[in-house]
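Have a look at the structure below, then the notes.
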Amino acid sequence: MSQQQARPATGSRTVLWTFLASSFALFMASLDNLVVTTALPSIREDLDAGISELEWTVNAYTLSFAVLLMLGAALGDRFGRRRIFATGIGIFTVASAIAAIAPNSETLILARALQGAGAAAILPLSLTILTRAVAPEKRPMALGLWGGINGLAVALGPLVGGAVVEHGSWQWIFWLNVPLGLVLVPLTLRKVDESHGPNSRLDLVGTVLVSLGLLGLVFGLVRGEGHGWSSVGVIAPMAVGAALIAVFVGYERRAAQPMLPMTMFRNRAFTALTFSGLLMFAGVFGSIFLLTQYLQGVQGYSPLDAGLRILPWTMMPVVIAPLAGPLSARIGGRPLVVAGLALSAAGLAWFAVTASTDVTYAQQIPALILCGLGMSLYFIPTASLLMSVVRTDQQGVASGANNALRELGGVLGVAVLASVFSSNGGFASPESFVDGLVPALWVGVALAGVGSVTAALIPRARAQSATEAPAPKVPVGV
């Protein structure tokens, strides 16, 4: 049975259909991670949403995706990867339709959480399914294309969102997923081979504990400014969340097959790389949440113009990848990760220094380029670097944990920076928005800067072997 499952599909048509199904599903799910950012001002006006509702519109997707990522891969191993992959696409499609017809912010937030749950099955299983279908000698090319599609979706997210909102309405950023999903579900069930993994046990207790714990922490952070940081409605959920996460850590230490083995954090390189990623996502994506609204609400750009102007940031990985790859092969991934986080901090600092109601786009271009360079240098070597610092039998779990904690960093970053923004300013006027934006950006600078220092703790000797590592088993993109 295991030999049959391990044998890759050899038919060229099967490989082609598998590549199309996995790639288009990946593109759909990855695009929605950032496509909503340029639509936030329109959503705020149409649904009369406040800053906390906008936070949850972003965080509901990312939070459910992050905490269910490893469960999605485990469900595929047990019940069939094709079956769970198709189910994930179906959930994502239905959730997109619900988001498109949402009459209020509460319904939209619920739909975004369901989208994240579907994406948690789509992203890890798309790579596993494709890897199994492609012959070993062709896998580097196939996985390279797969990663390129993931990066392209992230880069185009703000632009697509801006174009759709400007020429239609924000609802269409979700309607676009529906016809694609309706095609991909039967395509997957008819053309993709079924397979199972060796691990048939599910850590449902661990999943519930960490999900509720993180929900409590984020819920408290989002409510902090509006209800007061000393109120019971803020302290209670954060205390319960922290307690549940502590219980989760204790449970995982004793579980026979934990979703996140605590022993992995004894590995200094893994711990430094993982937490530097969490800090990077917290600083950078918390800042993007506010900057996309700044471009429209303060500087007066249309949604499409805002998406176009942020391209020097989001498209930079496409330009830098051919250069950074060979450089990583020569000097190792560690220096690039450290430099990438430092450049991200510098770019956010530039934004903070120049932010005003009348700043020109030309004054912001250096900040966009610095942030784009930083993001590129961080992402390009991270996968191989991570794979090189853990044992072969831990690579799947390590990559899943790294992805999950990075996404959680984004959730916490949006919550923290939005809270700082609300404490110092708001949407009342352009001046008020800038008053809140600047201190929030400095928090983003601090998070990315600490991330760079944390990445410097990765041992040099082990980092130099990163280029010899195999391809990761779960996605490493945004």
Just so I know, are the side chains of [X] and [Y] near enough to count as touching, which here means a heavy-atom distance under 4.5 Å?
X	Y	answer
Val94	Leu114	no
Val359	Val298	no
Cys371	Phe351	yes
Thr292	Ile310	yes
Leu290	Leu417	yes
Thr454	Leu279	yes
Leu341	Ser276	yes
Asn177	Gln115	yes

List the atom of [X], the atom of [Y], and the distance in Å for their closest heavy-atom pair.
X	Y	result
Ser64	Gly116	OG-CA, 3.2 Å
Met238	Leu217	O-CD2, 3.5 Å
Val434	Ala355	CG1-O, 3.9 Å
Ala102	Leu47	O-CD2, 4.1 Å
Gly88	Ala121	CA-CB, 3.9 Å
Tyr361	Pro312	OH-CG, 3.5 Å

Straight-line distance of [X] [atom1] to [Y] [atom2], nearest 0.5 Å:
X	Y	atom1	atom2	result
Ile129	Ile84	CD1	CD1	10.0 Å
Leu273	Leu457	CG	CG	11.5 Å
Leu214	Leu412	CG	CG	7.0 Å
Phe85	Leu123	CZ	CG	9.0 Å
Asn267	Ile458	CG	CD1	10.0 Å
Ser432	Asn424	OG	CG	9.5 Å

Please answer whether the main-chain N or O of [Y] pairs with a side-chain N or O of [X] as donor and acceptor at a distance below 3.5 Å.
X	Y	result
Ser452	Ala448	no
Glu252	Val249	no
Arg44	Ile51	no

Judged by modelled atom types alone, do Asn104 and Thr107 share a side-chain donor-acceptor pair under 3.5 Å? yes
Criterion side chain to side chain contact (heavy atoms under 4.5 Å, CB included) on Leu176 and Val164, from CA distance to verdict: CA-CA 9 Å; Leu176 291 175; Val164 170; 3.8 Å; yes
Answer with yes or no after comparing the ring centroid distance for Phe289 and Tyr294 against a 6.0 Å cut-off, counting only values under it. no
Pair Phe421-Val443, side chain to side chain contact (heavy atoms under 4.5 Å, CB included): steps then yes or no: CA-CA 10 Å; Phe421 167 81; Val443 173; over 6 Å; no
Under the rule for side-chain hydrogen bond (donor to acceptor under 3.5 Å, both in side chains), what residues qualify as partners of Gln299, not counting sequence neighbours? Gln364
Could you label the plane-to-plane angle of the Phe285 and Phe281 rings as parallel, tilted or perpendicular, counting under 30° as parallel and over 60° as perpendicular? tilted
What's the verdict on side chain to side chain contact (heavy atoms under 4.5 Å, CB included) for Leu437 and Leu441, showing C-alpha distance, side-chain angles and the deciding distance? CA-CA 6 Å; Leu437 174 67; Leu441 287 176; 3.8 Å; yes
Side chain to side chain contact (heavy atoms under 4.5 Å, CB included) between Ile89 and Met28, worked out: CA-CA 9 Å; Ile89 297 173; Met28 179 176 66; 4.2 Å; yes
Full working for ring-ring contact (aromatic ring centres under 6.0 Å, His included) between Phe174 and Phe92: CA-CA 10 Å; Phe174 301 112; Phe92 192 92; 9.1 Å; no
Considering residues, nucleotides and ligands other than Phe270, do more than 12 of their heavy atoms fall under 6.0 Å from its CZ? yes
Does any pair with a residue in residues 110-124 pass salt bridge (charged side-chain N to carboxylate O under 4.0 Å, His left out), and if so which ones, sequence neighbours excluded? Asp32-Arg112
Given Leu295, Val165, Leu308, the one that forms side-chain contact (heavy atoms from CB on, under 4.5 Å) with Pro303: Val165
